[in-house]
Number of protein chains: 2
Amino acid sequence: MATIYDIAKKANVSAMTVSRVINNSGSIKESTRKKVEEAIKELNYIPNSAARSLVSKKSNLLALLITDVTNPFFTKVARGAEDKAQQMGYQLMLCNTDESVEKESKYIDVLLAAGVDGVLFTPSGEKSKKNLRKLAKHGIPFTLIDRKVQGINCDVVLGDNHEGTRQLLQHLIDLGHEKIAIINAPLDISTAHDRYQAYVNTLKMNGLSVDERLVLKSHYKKENATNNIEYILSLSKKERPTAIFATNNFIAVETIRALREKKLEVPHDMAFVCFDDLDHHATIDPFLTVASQPAYDFGFTGVQFVIERVEGTAPQEFRKIQFQTELVVRKSSGGQL
Amino acid sequence: MATIYDIAKKANVSAMTVSRVINNSGSIKESTRKKVEEAIKELNYIPNSAARSLVSKKSNLLALLITDVTNPFFTKVARGAEDKAQQMGYQLMLCNTDESVEKESKYIDVLLAAGVDGVLFTPSGEKSKKNLRKLAKHGIPFTLIDRKVQGINCDVVLGDNHEGTRQLLQHLIDLGHEKIAIINAPLDISTAHDRYQAYVNTLKMNGLSVDERLVLKSHYKKENATNNIEYILSLSKKERPTAIFATNNFIAVETIRALREKKLEVPHDMAFVCFDDLDHHATIDPFLTVASQPAYDFGFTGVQFVIERVEGTAPQEFRKIQFQTELVVRKSSGGQL
DNA sequence: CTGTTAGCGCGTTCAA
DNA sequence: TTGAACGCGCTAACAG
């Protein structure tokens with residue numbers, strides 16, 4: 001409510017002097033600084049950031065575009081991102097895209113209008129390219145989180161999808177499994193693609209053949225998995241998998257639910273592993289064998305990267321950081337066959 | 001990058017006409033509207049929201065101050081809030097206060113500076129009053145989520161803490177428990193206060209006495225619960241509780257962990273109930289008996305309330321909505337003694 | 001060390 | 001139906 005002029009008047013100085021006090025710029029006599037600071041306190045003055053942005057072309061706003069905060073992986077990404085943003089003096093705007101390019105596009109327009117300084121982006125697939133290009137066209141720096149997009153050059157924070165998958169599958173194979181199904185998201189999502197590749201590679205490395213009937217499709221969101229399980233049950237005993245690899249936590253949860261519905265006991269009737277942990281759950285009941293990723297660091301590092309780009313302190317070349325995954329063996333994968 | 005003037009020039013009209021087209025205000029000849037719209041498209045023009053806010057005194061920004069988005073309860077609050085905000089054309093800024101008034105205060109200053117139109121607030125306790133008064137002084141509408149603060153008049157979205165607690169305790173009592181410990185957060189948090197009151201009431205209603213030694217203190221955040229469990233184990237068999245009521249999910253998780261450490265099996269050695277569900281967990285392994293609250297609706301309704309205040313469509317009187325809790329009986333409370 | 005001028009991009013007001 | 005002038009609150013650039 002109070003403006004810089006109100007302060008100026010009260011302190012008997014010019015608006016410019018007040019501005020300098022606020023921004024610690026230029027040099028100010030100690031006595032006048034005191035006067036100004038008192039006036040500021042008395043009038044509860046708070047600088048208007050719209051006016052500031054208008055002049056400086058900076059909003060100190062960052063956007064976090066993820067598919068769904070309620071996915072425990074992204075919940076932690078969000079926390080990490082917010083912590084770093086807060087520490088660096090930025091605010092974080094939360095956006096849930098639900099794996100939809102259309103929702104993404106809408107957000108991009110809003111964010112552009114809102115004048116965000118940078119964007120953290122988990123693209124919903126290759127079709128997200130146009131949205132990223134739009135950001136680029138408007139000169140907004142962005143960092144890709146968790147998933148990359150072909151032909152887009154930018155900073156990117158990833159997990160090691162190959163190694164994570166390899167660990168999970170090798171673990172199952174070492175336990176004696178030879179027929180392992182994969183339930184995956186659409187392959188235009190880089191993590192789905194990479195995990196599938198690694199699935200194929202790991203089977204081959206172990207002299208196992210890839211049975212296309214065991215390559216099942218789903219989405220990285222909460223989607224009923226009953227169909228897939230019914231399909232599996234329809235296979236002859238000889239074809240039927242003895243283990244399932246779910247490529248993310250949501251698929252895992254829904255698949256487990258469907259298995260229970262069909263009275264299949266994990267791991268007794270079906271061994272089970274997946275990507276990404278469900279942490280609170282892990283404490284209460286250490287059940288799922290997972291490839292765990294440091295989600296918090298994804299967000300934290302991602303924000304650091306964008307801010308460095310925003311502030312021009314980033315190196316010229318784009319950075320790619322790949323975090324290690326950790327194999328956490330728990331009950332769901334079962335013991336030796 | 002392009003401004004309203006660039007569009008004006010390109011379309012051979014005045015800036016004002018462009019402004020009118022953008023805002024659908026005034027009346028415009030169809031032909032000139034066409035011209036302007038084409039120019040907008042060609043130049044990829046996006047209105048500068050800093051300039052707009054400066055004039056209109058509206059930012060279309062809302063802030064969500066919660067204690068920790070990684071608390072599954074607040075994760076869902078955040079999702080509900082974001083969905084409603086998005087639907088109404090607002091953006092949501094995420095803030096984690098970690099139950100600290102100091103962090104709250106910092107955020108409040110930043111938010112005031114950022115010019116948010118309204119705030120959703122889960123106060124960390126009675127000391128949050130000063131922060132709320134500050135918001136009020138600056139004319140920023142806010143809605144309290146999950147917790148109320150004495151002497152603060154505003155819209156508020158709550159759960160039914162009395163009834164939720166009553167259900168949980170009555171359930172334990174019906175199973176035969178007479179010595180029930182409560183592990184609670186500081187009492188200046190309204191939910192902690194109310195749950196404690198309901199704990200006392202329910203015991204009394206059932207002719208049971210309240211044993212102060214079974215009233216244990218903790219915090220609504222992840223805090224090691226080993227001390228409390230060691231204390232419980234130090235009690236004589238006669239004094240020792242047969243059941244524990246944890247007043248939120250974080251306390252629950254940590255307490256279960258501590259119990260496990262001490263080789264105590266739930267519910268065999270200790271029955272257990274708590275407030276708030278851990279949903280993914282509930283699917284994988286339906287274990288905890290809880291009083292579940294519709295967290296998503298807390299956020300959704302909260303945003304609706306603030307926006308109505310922001311836009312002046314809210315009724316004069318402040319609203320208080322109290323959502324029902326649902327008792328979900330699972331394994332942790334055990335069977336009849 | 002401090003003040004004056006001008007302008008950031010837009011919308012309100014008043015005229016035409 | 002359209003336009004010109006002004007001001008929102010602030011800071012950069014230039015005096016002094």
Side-chain angles (χ1 to χ4, degrees), chain A residues 1-40 43-61 89 110 112-117 138-140, chain B residues 1-37 39-40 43-61 109-117 138-140:
Chain A
M1 326 218 101
T3 78
I4 209 169
Y5 286 98
D6 300 326
I7 308 298
K9 194 175 295 177
K10 181 140 203 145
N12 272 316
V13 296
S14 75
M16 202 48 231
T17 303
V18 177
S19 173
R20 284 196 259 260
V21 170
I22 295 169
N23 299 294
N24 271 317
S25 60
S27 31
I28 307 275
K29 217 203 306 183
E30 196 45 39
S31 63
T32 62
R33 144 168 278 122
K34 272 268 171 64
K35 276 195 303 182
V36 172
E37 280 170 348
E38 274 171 30
I40 288 179
L43 297 187
N44 290 305
Y45 169 72
I46 294 176
N48 177 318
S49 72
R52 282 182 145 178
S53 302
L54 190 55
V55 178
S56 68
K57 271 98 176 63
K58 252 205 90 190
S59 63
N60 277 47
L61 252 35
V110 174
L112 246 20
V116 296
D117 291 335
H138 286 265
I140 311 293
Chain B
M1 325 220 101
T3 78
I4 210 169
Y5 287 98
D6 300 326
I7 307 297
K9 195 175 294 177
K10 181 141 202 144
N12 272 317
V13 296
S14 75
M16 203 44 234
T17 304
V18 178
S19 173
R20 284 195 258 260
V21 170
I22 295 169
N23 299 295
N24 272 315
S25 61
S27 32
I28 307 275
K29 216 202 306 182
E30 196 46 39
S31 63
T32 62
R33 144 167 279 121
K34 272 266 171 65
K35 276 195 303 182
V36 171
E37 280 169 350
I40 288 179
L43 298 186
N44 290 306
Y45 169 72
I46 294 176
N48 177 318
S49 72
R52 282 182 145 177
S53 302
L54 191 55
V55 178
S56 68
K57 272 97 175 64
K58 251 207 91 189
S59 63
N60 277 46
L61 252 34
D109 286 344
V110 174
L111 298 176
L112 246 21
V116 296
D117 292 335
H138 287 265
I140 311 294

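Basis for what follows: all heavy atoms, side chains included, without hydrogens, waters or symmetry-related copies. The sequence lines fix the lettering, A, B, ..., with proteins before strands; numbering per chain opens at 1.
Between A/Thr32 and C/dT2 there is a side-chain polar atom (N or O) within less than 4.0 angstrom of OP1 or OP2. OP1 or OP2 of D/dG9 has not a single side-chain nitrogen or oxygen of A/Thr3 nearer than 4.0 Å. Under 4.0 angstrom from either OP1 or OP2 of C/dG9 there lies at least one side-chain N or O belonging to A/Lys57. Side-chain nitrogen and oxygen atoms of B/Ser19 include at least one within less than 4.0 Å of the OP1 or OP2 phosphate oxygen of C/dG11.
Closest to the side chain of B/Arg20, out of D/dG3, D/dG7, D/dC10, is D/dG3. In this structure, of C/dT4, D/dT2, D/dT11, it is D/dT11 that holds the atom nearest to the side chain of A/Ile4. Among the nucleotides C/dC10, C/dC1, D/dT2, the one closest to any side-chain atom of B/Ile28 is D/dT2. Of the candidate nucleotides C/dT2, D/dC10, C/dG9, C/dG9 has the atom lying nearest to any side-chain atom of B/Asn48. Nearest nucleotide to the B/Tyr5 side chain, out of D/dC10, C/dG11, D/dT2: C/dG11. Of the candidates C/dT4, D/dG3, C/dC8, the closest approach to any side-chain atom of B/Ser14 belongs to D/dG3.
We find that CG of B/Asn24 is positioned 14 Å from P of D/dT2, with the value rounded to whole Å. Put simply, CE on B/Met16 is 12 Å from C1' on C/dG9, counting in whole angstrom units. With rounding to whole Å, A/Ile40 atom CD1 is found 13 Å from D/dC10 atom C1'. For B/Arg52 and C/dG11, the CZ to P distance is 5 Å, given to the nearest whole Å. Distance, B/Lys35 NZ to D/dT2 P: 8 Å, rounded to whole Å. Following rounding to the nearest Å, B/Asn60 (CG) and C/dG11 (P) show an atom-to-atom distance of 13 Å. Whole-Å rounding puts the B/Lys58 NZ to D/dC8 C1' distance at 17 Å. A straight line from CD1 of A/Ile22 to C1' of D/dT11 spans 10 Å, rounded to a whole angstrom.
At a threshold of 4.0 angstrom between heavy atoms, the contacts of B/Leu54 include nucleobase atoms, whether or not backbone atoms are also involved. Within the nucleic acid shown, A/Ser56 has no heavy atom closer than 4.0 Å to any nucleic acid atom. Residue contacts for A/Ser25: at a heavy-atom cut-off of 4.0 Å it reaches no nucleic acid atom on any strand shown. At the heavy-atom level, B/Thr17 lies under 4.0 Å from the strands shown only through sugar-phosphate atoms.
The structure places CD of B/Glu30 at 8.0 Å from OG1 of B/Thr32, a figure rounded to the nearest 0.5 Å. We find the CD1-CG distance between A/Ile4 and A/Leu43 to be 12.5 Å, quoted to the nearest 0.5 Å.
For B/Ala15 and A/Ser49, each mapped to the nucleotide of DNA chain D holding its nearest heavy atom, the one lying further toward the 5' end belongs to B/Ala15. In terms of position along DNA chain C, the nucleotide closest to A/Arg33 lies nearer the 5' end than the nucleotide closest to the other residue of the pair A/Arg33 and B/Ile46.
With a 6.0 Å radius and a threshold of 12 heavy atoms from other residues, nucleotides or ligands, A/Lys58 has its NZ atom above the threshold.
Counting only heavy atoms from C-beta outward, the side chains of A/Leu61 and B/Leu61 approach each other to under 4.5 Å.
Side chains of B/Asn60 and B/Arg52: a donor-acceptor N/O pair is absent below 3.5 angstrom, by distance only.
Between A/Glu37 and A/Arg33, at least one side-chain nitrogen of the basic residue sits less than 4.0 Å from a carboxylate oxygen of the acidic one, meeting the salt-bridge criterion.
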